[in-house]
Protein chains: 2
Amino acid sequence: MNISQNIKVAVDAVVFGYEEGQVRILLIKQKFGVYKDRWALPGGFVLDGESLSGAVERELREESGVAVDYMEQLCTFGDDVARDPRAQVISVAYLALVNPSKLRLRASSDAKEAKWFPADNIPELAFDHNTIIAKGLERLKAKVSYQPLGFDLLEKEFPFSDLENLYRAILGRDIDRRNFRKKLMSFGFLEETDKMRKIGSGRPAKLFVFNKQEYRRLESEGIHFEIKYA
Amino acid sequence: MNISQNIKVAVDAVVFGYEEGQVRILLIKQKFGVYKDRWALPGGFVLDGESLSGAVERELREESGVAVDYMEQLCTFGDDVARDPRAQVISVAYLALVNPSKLRLRASSDAKEAKWFPADNIPELAFDHNTIIAKGLERLKAKVSYQPLGFDLLEKEFPFSDLENLYRAILGRDIDRRNFRKKLMSFGFLEETDKMRKIGSGRPAKLFVFNKQEYRRLESEGIHFEIKYA
DNA sequence: ACAAAAGTGTTCGCTTTACACCCATGT
DNA sequence: ACATGGGTGTAAAGCGAACACTTTTGT
């Protein structure tokens, strides 16, 4: 097959984490090239023989040491032919979630600096990465309300208020605690443990776990979830 | 920038049409190569300097003479590194809709055969194109219920029953005529004309038009549509 | 007159929403 | 005792679901 084509394929990831009540996004400081010293999404060129999702995982490992807990394809950017000033590059963007136990960043092998930024305070990034993030946030927002994605951003055992606050943070608005809890519990994939957590003052909170098996079972039975809130 | 990468970028389109009460998909017969004489989605390699959506439009024009009325990106296929037996090729798939006035296929310039197939009776296709179609149908199904996409598959002026039947065809199940009509009319983006259509026996039907301006206006006001039906 | 498709309202039940007080702990 | 966050129920409104007969035309 001898078609000649001079287009490069890259992947980029919008990696979300949740810490201290804030949704955060992982960024990498560019050390070389046109965008030296600018922050950018983790990502890079796909290697020959490598799958797209494999490339994302490798780049994340290399650049930050992060292993993600959930990943889905977001969108492919290639309508702006000059989105990379060096050459024609299309980028397949992914959305990924990491749970809090893995938020710690490893000193990266290729001397790039990695850092978590609050999702509502992202600097001007390299390439069209601000656009990609906007798309990622939009998708996250849309998706949490009909798929219980949020649990990948929380610890395995969490107090209900963490879930509430996560939804508040993602949706950018207040939710009604009573209605939210009633709705979530009615689905039946949340289980109460007998552990408690107390932080500072206030009544200690029961910890809950997300029962993924049960969720998958309900999902396969064709049951549709829609998480609404006042 | 001297990275060497031997990956080719292609685009493919799942183009939907609606005729005689059937949802149809446009396919092209392969004239050369490994998959000679197999049907495949319209598509091909992206040219240097060409945008992704531009490539889709060009391929559709070249292979079938079809100009689409709606197009959105579907998904990028590249996790199966061997999806194209000739080389590593990633394909950015698009979903497109054509309205009935443009369903006629032009004799194509490069002597490929183009044909509309009923969506529920697609043969075994070249590459992973059956998978791409499955994804396209899934998206179409999901999307019609929260975005009035269907109108791009109908004539400008249409009787309500066409809309009903289109939804029946896409969703693969019956809908309640009264509830459906009530809901659709309540949105306010459907306008009654004073024209009528009679075909064969039966009471003549009023024709309706979709008011895109009004829809955009309502959409921009943040009004959310969800089309449900018994 | 009959067949064929279009047009039209009402009732019931469930889901969503709105809303405020008591409980358990730390200081 | 007071501050802090956790836990809980009920009533009203709105929406979705179910359901059948009349109208207009062609034959």
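In what follows, chains are A, B, ... by sequence order, proteins preceding strands, each numbered from 1. All values reported here derive from a predicted model rather than from experimental measurement.
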Test: A/Lys135 and A/Glu138 ion pair at under 4.0 Å: no
Please work out which residues in residues 140-162 of chain B have a non-hydrogen atom less than 4.0 Å from an atom of DNA chain D and list them by number. none
Is it true that A/Phe225 and A/Tyr215 have ring centroids separated by less than 6.0 Å? yes
By side-chain contact (heavy atoms from CB on, under 4.5 Å), which residues pair with B/Glu164, not counting sequence neighbours? B/Phe160, B/Arg168, B/Ile175, B/Arg177, B/Phe180
Could you pull out the protein-nucleic contacts involving nucleotides 25-27 of chain D (nitrogen or oxygen on both sides, under 3.5 Å)?
{"from": "D/dT25", "atom 1": "O2", "to": "B/Gly202", "atom 2": "N", "distance (Å)": "3.4"}

Applying side-chain contact (heavy atoms from CB on, under 4.5 Å) to A/Arg139 and not counting sequence neighbours gives A/Glu72, A/Leu74, A/Leu95, A/Lys143
Closest heavy-atom pair and its distance - B/Ala114, B/Glu63: CB-O, 3.9 Å
Please encode protein proximity along nucleotides 11-20 of chain D as a string of B, S and -, counting only heavy-atom distances under 4.0 Å. -----SBBBB
Can you list the residues that meet the side-chain contact (heavy atoms from CB on, under 4.5 Å) rule with B/Lys212, with sequence neighbours excluded? B/Asp152, B/Phe210, B/Arg216
Output yes when a side-chain donor or acceptor of B/Tyr94 lies under 3.5 Å from a complementary backbone atom of B/Val92, and no otherwise. no
Can you sort out the partners of B/Ser51 under side-chain contact (heavy atoms from CB on, under 4.5 Å), two or more places apart, ordered by chain and number? A/Asp79, A/Val81, B/Ser53
5'-most to 3'-most nt of DNA chain C touching chain B (<4.0 Å, heavy-atom partner on protein side) reads C/dA4 to C/dT10
Using side chain to side chain contact (heavy atoms under 4.5 Å, CB included) as the criterion, point out the one residue from B/Leu41, B/Leu60, B/Leu103, B/Val98 that pairs with B/Leu26. B/Leu60
With B/Leu154, the side chain to side chain contact (heavy atoms under 4.5 Å, CB included) member among B/Asn99, B/Asn165, B/Leu163: B/Leu163
CA sep, side-chain torsions, deciding dist, call: A/Arg61, A/Glu57, salt bridge (charged side-chain N to carboxylate O under 4.0 Å, His left out): CA-CA 6 Å; A/Arg61 207 178 331 109; A/Glu57 279 158 12; 5.8 Å; no
Residues in ring pair (Phe, Tyr, Trp, His ring centres under 6.0 Å) with B/Trp39, at least two apart? B/Phe117
Is the shortest distance from a Lys or Arg side-chain nitrogen in A/Glu19 or A/Arg104 to a carboxylate oxygen in the other one below 4.0 Å? yes
For residues 183-194 of chain B, the side chain to side chain donor-acceptor pair (under 3.5 Å) pairs (sequence neighbours left out) are B/Glu191-B/Asn211, B/Glu192-B/Lys206
Work out how much the helix from C/dG13-D/dC15 to C/dT27-D/dA1 bends between its end axes, five pairs an end, to the nearest 10 degrees. 10°
Quick one: ring pair (Phe, Tyr, Trp, His ring centres under 6.0 Å) partners of B/Tyr70, sequence neighbours excluded? none
